[in-house]
Structures are given as structure tokens and as C-alpha cells.
Protein chains: 2
Amino acid sequence: MGISERKEREKAEREQRIIGAAKMLAEKDGWASVTVRRLAQEIEYSQPVLYAHFENRDAIVGAVALEGFGELGPVLRSSVRRGASAAQAMEDVAMAYLEFAIERPALYEAMFVLPSGLRFAKSDTPQSLRDTFGAMMAVVEPFCANAELATEAFWATLHGLAELERHGRIRTAFRKERVAHIVDMFASKS
Amino acid sequence: MGISERKEREKAEREQRIIGAAKMLAEKDGWASVTVRRLAQEIEYSQPVLYAHFENRDAIVGAVALEGFGELGPVLRSSVRRGASAAQAMEDVAMAYLEFAIERPALYEAMFVLPSGLRFAKSDTPQSLRDTFGAMMAVVEPFCANAELATEAFWATLHGLAELERHGRIRTAFRKERVAHIVDMFASKS
DNA sequence: TAAATAACTATAGCACTGCTAGAATGTCAA
DNA sequence: TTGACATTCTAGCAGTGCTATAGTTATTTA
């Protein structure tokens, strides 16, 4: 009875094509241009088919967001140079985070700005999401007694820097200096 | 020839009613429910009239955002308790900022999240916007050599905290602790 | 193999959006 | 009173997310 397996496989493939198309369109022309009609056209099916895969448009954004977390976690972890000090590690992660946010704005928006239906810090929070938070916690931990609280603060700082820079509200040229300043603060307050 | 003056006055009044209606609707039901049709209905004119006042919907958001800055600046300045130390002043401003963001989410969104057409850190940046930045700089200055850079970092941190908390991504219950942690860092790094 | 059933997919439509061309109305000076 | 101007509205476009319904295809049963 490999027939239902084949169908499931085909459905999973199609779902991946929807997510891929959404990601591609969003990165090319922004999320506003990711419409259900356009996605349907892209995967060569009619619109209602998409609603057999996702409850609504937000759920598609959520699926892309999840892929984003699958990327960001490893990016952060691998950004730390070999033999880096604790402070250097923190700086590496911070810079990697900001580069990700600026270079993949559509993905970053899906993850942190747009309504995506993703639940954070809950029992059903996906693993890739926990991993990403863990990657940040790993470089904060050496300096702070209350690691979870400090990581929230660290993450918030990075997110704020990313958003204000993305919207042109702070000077892009001084990214490195701001990161240095912040890491200095987090690291000196042991 | 007071006739054209009267017309200008009436136009200004109507413009204010549009902005007021947008602000009210956004705070009541969120920005998604602020449609040009609904605003037109609210001010008892037809839709095209709104386009005689604002180039497009974003410009209306921008006008509300500007009002927001007119509120936030004074809120931050008056939040500092009399006789507060420099560190206490920083904490007061930080808490006031976050309270503003959480209690006035629609206004905050217009100011910092939605496309509003407002230009920051440019020669034509409105005064109320500079004032708000100045209010933050005032409490950062005592601790940092490069005040502008440090203020960008401080502001980014607050913005990140506000956004992550607004979206339920960090634990609301620990706001005060996070602020204490951050102020401690900014203040101890003199 | 033919009919019945179930699974799938498309057409067509709803109610809504931002925005605008052109018609109708009102206001004023000649 | 008439013509010119400014103001305002009606009606419509092209688009959105989403869905009821009809139609087609695939699978199972007789």
C-alpha cells in the first residue's frame, strides 16, 4: 500500500514548494507582494489548494519563520571564532545576528515582526526556536548569574538594534561601535 | 479677506479630526481596522476628501506617529523623579518608555514599526522627534563619553524590550528586573 | 469490468482594501 | 443671472484573503 505514502510525500513536497515560493517572493519583493494568488500561480495550483496546507496567510508566514529559526541558530553558533574569548564570542554572535537581520530582512520580519502564530517560551515552542535562544544564552551565561534574564535583555538589545537599523533610525555606519559598546557592558558586569 | 483664513482653519480642523479618528480607531481595534473608508465615515466626508489632506494611508499613520512623539518626549522627561540620581533617572526613563509602548501599542506601532514616511536623524527631522531622542540622551550622557552612540544603543535596547514584550516573546513579569539589569550595565560602565 | 464512492481541485464569488476619474454640486465674482 | 472656479460625491478599478459549490479524477466496491 505505497499509494497513500506517495500522496503524503507529494503533499509534503507541495507544501515545501509553497514555503519556498513565499520565502523567495518575500526576499525579492517584500512580504506585501506575497499574496495567496501569486503563491498559487507559483506552484501551479488554484488558491483553495493552499488552504488545504495552511489555515491562512499568517500560517505561511509562520512556516517561513520556522525555517528562519532553522537557519539563524546554526549561523549564530558557527559565528564564534575558534579560540575566541567569552567577550569575543559574544561580539561574534551579536554581529552575526545583526548581519542576518540586515541581509535577510524578509526572513527576519517573518520571524520577529509579522504576525506568524509562533509561540515563544511556551511548552509547545519548536526546537529550532529554543536552539536559537540557546545560542544566545551560551555567550551570555559566562557573565551573568541570572542567564535567562540576561539573555532576554541581550536578545532585546540585538532585536532593537536590528529593527532601528533596518528602518534607518540609527546610523548604519556605527553598527560595530554600538556592538562593541554593548558587549563591553554585558561582559564587564560579571 | 478673512474668508480664505476661515477655509484654511476649517481644513486644519478637519485634518485634525482625521488624525484623531485614526488614533482612536487604532487604539480601539488596531491599525488593521483603520481603513480610509472608515475614517471617511468617521469624519462624515467621502473618501476622496482624505486624499486632499494626505497623500496616502501611510501619511495618516505618519501624522499619528508625529503626535506620538509629541507625547512621548514630555512623558520621558517628566518621568524622572525629583532628586533622582543619574542611575535612577535612567531607570525612570526606561520604565516610562516601556510603559508607553505597552499601554499605547497603536501609537507606538505608528511611531516605530509601521511605514510612516517619517525621516529620522536627517536635516528635516521634526523637532518633537529630536526632543524625544534628546530626552533619552539626557539620562545616558552622564555615563558615556560618546553620548550619541550610547543613546542609540540605549534606545535600541528599549525598543527591543518593548517589541519582544509586546509580542509575548519575553516574560512580561520580569520587565523591572531586565530594566534594572540594563541600567546597571549602562551606569556602571562610566 | 462497470458502477458507486471518496478524494481532490477549479471556478466563481463574497466582502473587503487603497485609490481615482469624472460627474455633480455649491460658491463666488463679473 | 451667468460663467468660472473650487469643493465634494458617486461610481468604479484592480487588487486582497478567503470559501461555497461544482466538477473532475482516482480508488474501492459490486
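Proteins get letters first, then strands, A, B, ... in listed order; numbering begins at 1 in each.
Atom CZ of A:Arg37 is separated from atom P of D:dG15 by 10 Å (rounded to the nearest Å). When the P atom of D:dT16 is taken as reference, atom CG of A:Asn56 falls 17 Å away, rounded to whole Å. Rounding to whole angstrom units, CZ of residue A:Phe54 and C1' of D:dT19 are separated by 18 Å. In this structure, CD1 of B:Ile18 is placed 13 Å from C1' of D:dT8, rounded to the nearest angstrom. Between A:Ile60 atom CD1 and D:dG17 atom C1' the separation is 10 Å, expressed in whole Å. Distance B:Tyr45 OH to C:dT25 P: 18 Å, rounded to the nearest Å. Taking atom CZ on A:Arg57 and atom P on C:dT17, their separation rounds to 17 Å, with Å as the unit.
One cannot find a donor-acceptor pair under 3.5 Å joining the base of D:dC9 and the side-chain atoms of B:Gln47.
Using a 4.0 Å heavy-atom cutoff across all strands shown, A:Thr35 reaches sugar-phosphate atoms only and no base atom.
Counting only N and O atoms by type, the side chains of B:Tyr45 and B:His53 include no donor and acceptor under 3.5 Å apart.
You'll find the ring centres of A:Tyr97 and A:Tyr108 inside the 6.0 Å limit. In summary, the aromatic rings of A:Phe112 and A:Phe69 are positioned with their centroids under 6.0 Å apart.
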